[in-house]
Amino acid sequence: MRPLSLPPIRPTVLAFLCLPMVLSAQEQAAAKRPLVEINTTAGRMVVALYNETPIHRDNFLKLVREHYYDSTLIHRVVPHFIIQGGDPDTKKADDRNMVLGRGGPNYTLAPEIVPALINSKGALCAGRQEVDVNPDKRSNGSQFFIVQGQPWSPSDLRAEELRKNEYDPAHDHMHTPDQVKTYATDGGSPHMDGEYTVFGHVVQGLDVIDHIAAMPVGMGERPLQDVRVWMRELP
């Protein structure tokens, strides 16, 4: 088709025609995020890894490709909060009195805390030691948790923001209108924003989080029925 044969397009029409192209670019950017399938004995999830956190993204993909996580346990479950895994010591955790959650690949990762990446339901986050022994908030090399959380009303979220700003005035803990809406509709754990690295999000299988989070737990908040994990990178 010869461009000169087209009739003139008014600016408003041109803007309308360009909109699908913008949306397509956004979809393409999202599609370029690496995808990892997390198969568990309680169901299947798919997580998209954020390119905004390249250190954690690349480390997670490296471990997945090495089958590091295969046969590990979701070793800690806290309803309306998180499910946690990634401890290699859980592969042979036959003793239910064994203390779990201390294992890892013997290295830590520099934090990549991005304000735009929040702890909404489905957030994939890096585990770490407490700030009193880990003031730099460095992440464990392999352990992760997935947020379940719960809905937060705008007023409750505002109160949490004010609380955090009071004890940490050097940082702005206010959420954007879109984030406020996300916490009200999808839920999550906003009190962890700015504290842990969020490096991915569950894009399939949010119901699996709820299923695992509802399981009865015993000592150390370990599910009474073992939930084992296998991972693979998706093309």
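Just so it is clear, the structure is predicted and the values come from calculations on it, not from any experiment.
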Participant: Do Lys164 and Glu161 meet the salt-bridge criterion of a basic N to acidic O distance under 4.0 Å?
Facilitator: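 Between Lys164 and Glu161 there is no salt bridge, as every charged N stays at least 4.0 Å from the carboxylate O atoms.
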Participant: Identify each donor-acceptor pair in which a side-chain atom of residues 42-49 lies under 3.5 Å from a protein atom, sequence neighbours left out, and give them as a table.
Facilitator:
unit_1, atom_1, unit_2, atom_2, d
Arg44, NE, Glu37, OE2, 2.5
Arg44, NH1, Gln204, OE1, 3.1
Arg44, NH2, Glu37, OE2, 3.1

Participant: Output a table of donor-acceptor pairs, distance under 3.5 Å, between side-chain atoms of residues 93-103 and any protein atom two or more places apart or on a different chain; print 'none' if there are none.
Facilitator:
unit_1, atom_1, unit_2, atom_2, d
Asp95, OD1, Asn97, N, 2.9
Arg96, NH1, Asp226, OD1, 3.1
Arg96, NH2, Pro223, O, 2.5

Participant: Could you walk me through whether Met215 and Leu224 pass the side chain to side chain contact (heavy atoms under 4.5 Å, CB included) check?
Facilitator: CA-CA 8 Å; Met215 289 182 166; Leu224 295 178; over 6 Å; no
Participant: Any side-chain to backbone donor/acceptor pair from Thr72 onto Gly86? Under 3.5 Å, distance only.
Facilitator: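 The answer is no, because no donor-acceptor pair under 3.5 Å joins these two groups.
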Participant: Counting heavy atoms not belonging to Glu66, are there more than 12 under 6.0 Å from its CD?
Facilitator: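 Atom CD in Glu66 is packed in, count exceeds 12.
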Participant: So which residues get pulled into Met192's cluster when ILVMFWY side chains under 4.5 Å apart are joined, directly or through others?
Facilitator: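 Members alongside Met192: Val78, Phe81, Ile82, Phe145, Val147, Tyr196.
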Participant: Say whether, by atom type as modelled, one donor and one acceptor occur between the side chain of Asn140 and the main chain of Thr108 under 3.5 angstrom.
Facilitator: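 Not a single qualifying donor-acceptor pair exists.
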Participant: Out of curiosity, Ile83 CD1 to His75 NE2, how far, rounded to the nearest 0.5 Å?
Facilitator: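 Nearest 0.5 Å value for the CD1-NE2 distance: 11.0 Å.
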Participant: Can you check whether Gly141's main-chain N or O pairs, donor with acceptor, with His56's side chain at less than 3.5 Å?
Facilitator: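 No; zero donor-acceptor contacts below 3.5 Å.
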Participant: Hey, are the side chains of His173 and Glu166 touching, using non-hydrogen atoms and a 4.5 Å cut-off?
Facilitator: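 They are not in side-chain contact.
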Participant: In a check of side-chain contact (heavy atoms from CB on, under 4.5 Å) between Thr41 and each of Val227, Leu73, Ile212, Val229, which one passes?
Facilitator: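 Checked Val227, Leu73, Ile212, Val229 against Thr41; only one passes side-chain contact (heavy atoms from CB on, under 4.5 Å): Val227.
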Participant: Over all heavy atoms of both residues, which pair between Ser120 and Thr182 is shortest? Give the atoms and the distance, please.
Facilitator: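 For Ser120 versus Thr182, the nearest heavy atoms are CB-CG2, 3.7 Å.
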Participant: In Å, rounded to the nearest 0.5 Å, how long is the span from CH2 of Trp230 to OG of Ser71?
Facilitator: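 One gets 5.5 Å once the value is rounded to the nearest 0.5 Å.
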Participant: Drop me the distance from Arg57's CZ to Leu124's CG, to the nearest 0.5 angstrom.
Facilitator: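 So the gap between those two atoms works out to 13.5 Å.
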Participant: Any heavy-atom pair between the side chains of Pro34 and Asn51 that's under 4.5 Å?
Facilitator: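 Counting from C-beta outward, Asn51 and Pro34 do come under 4.5 Å.
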Participant: Tell me whether Ile113 shares a hydrophobic cluster with Ile55, the cluster being built from Ile, Leu, Val, Met, Phe, Trp, Tyr side chains joined at under 4.5 Å.
Facilitator: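 No; Ile55 is not reachable from Ile113 via cluster members.
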Participant: Is the backbone of Asp89 close enough, under 3.5 Å, to the side chain of Asp87 for a donor and an acceptor to pair up by distance?
Facilitator: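 It does hold such a pair.
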Participant: Compare every heavy atom of Ser142 with every heavy atom of Gly104, then report the nearest pair and how far apart it is.
Facilitator: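 So the two residues come closest at CA-OG, 3.6 Å.
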Participant: Just jot down the side chain to side chain donor-acceptor pair (under 3.5 Å) partners of Asp156, sequence neighbours excluded, or say none.
Facilitator: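 Partners of Asp156 under the side chain to side chain donor-acceptor pair (under 3.5 Å) test: Ser153.
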Participant: More than 12 heavy atoms of other residues, nucleotides or ligands under 6.0 Å from CD of Glu233: is that the case?
Facilitator: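 Enclosed: over 12 neighbouring heavy atoms sit under 6.0 Å from CD of Glu233.
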Participant: Does CD belonging to Gln129 count more than 12 external heavy atoms closer than 6.0 Å?
Facilitator: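 Counting neighbours around CD of Gln129, 12 or fewer heavy atoms of other residues, nucleotides or ligands fall under 6.0 Å, so no.
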Participant: For a 4.5 angstrom cut-off between non-hydrogen side-chain atoms, does Tyr107 reach Asn59?
Facilitator: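 Yes, their side chains come closer than 4.5 Å.
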Participant: Can you name the residues that form a side chain to side chain donor-acceptor pair (under 3.5 Å) with Asp193, not counting sequence neighbours?
Facilitator: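 Per chain and number, Asp193 pairs via side chain to side chain donor-acceptor pair (under 3.5 Å) with Asn119, His175, Tyr183.
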Participant: Against the six-membered ring of Tyr68, is Lys62 placed for a cation-pi contact (under 6.0 Å from the centre, within 45° of the normal)?
Facilitator: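 No; the conditions do not both hold, so Lys62 does not lie above the ring face of Tyr68.
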Participant: My understanding is that a hydrophobic cluster links ILVMFWY residues whose side chain heavy atoms are under 4.5 Å apart, including indirect links. Using that, what else belongs to the cluster containing Tyr50?
Facilitator: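 Members other than Tyr50 - counting any ILVMFWY side chain reachable under 4.5 Å - are Val114, Leu117, Val198.
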Participant: Could you grab the distance from atom OH of Tyr69 to atom CZ of Arg228, nearest 0.5 Å is fine?
Facilitator: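 Reported to 0.5 Å precision, the distance equals 16.0 Å.
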Participant: Nearest heavy-atom pair of Ala184 and Pro151: which atoms, and what distance?
Facilitator: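 Here Ala184 and Pro151 meet closest at O-CB, 3.8 Å.
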Participant: For the side chain of Gln179 and the backbone of Ile118, is there at least one donor-acceptor N/O pair under 3.5 Å apart?
Facilitator: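 Such a contact is absent between Gln179 side chain and Ile118 backbone.
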Participant: In Å and rounded to the nearest 0.5 Å, what is the NE2 to CG distance from His211 to Leu206?
Facilitator: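 Answer rounded to 0.5 Å: 14.5 Å.
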Participant: Check the pair Met231 / Leu63 against side chain to side chain contact (heavy atoms under 4.5 Å, CB included), numbers first and verdict last.
Facilitator: CA-CA 9 Å; Met231 297 192 195; Leu63 296 179; over 6 Å; no
Participant: At their closest point, which heavy atom of Thr197 faces which heavy atom of Ser139, and how far apart are they?
Facilitator: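 In terms of heavy atoms, the two residues are closest at OG1-OG, 3.9 Å.
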Participant: Atom OG in Ser189, atom NZ in Lys121: separation rounded to 0.5 Å?
Facilitator: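 If I round to the nearest 0.5 Å, the distance is 11.0 Å.
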Participant: Looking at every non-hydrogen atom in both residues, tell me the closest pair between Gln148 and His80 and how far apart they are.
Facilitator: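 In this case the closest contact between Gln148 and His80 is OE1-N, 2.6 Å.
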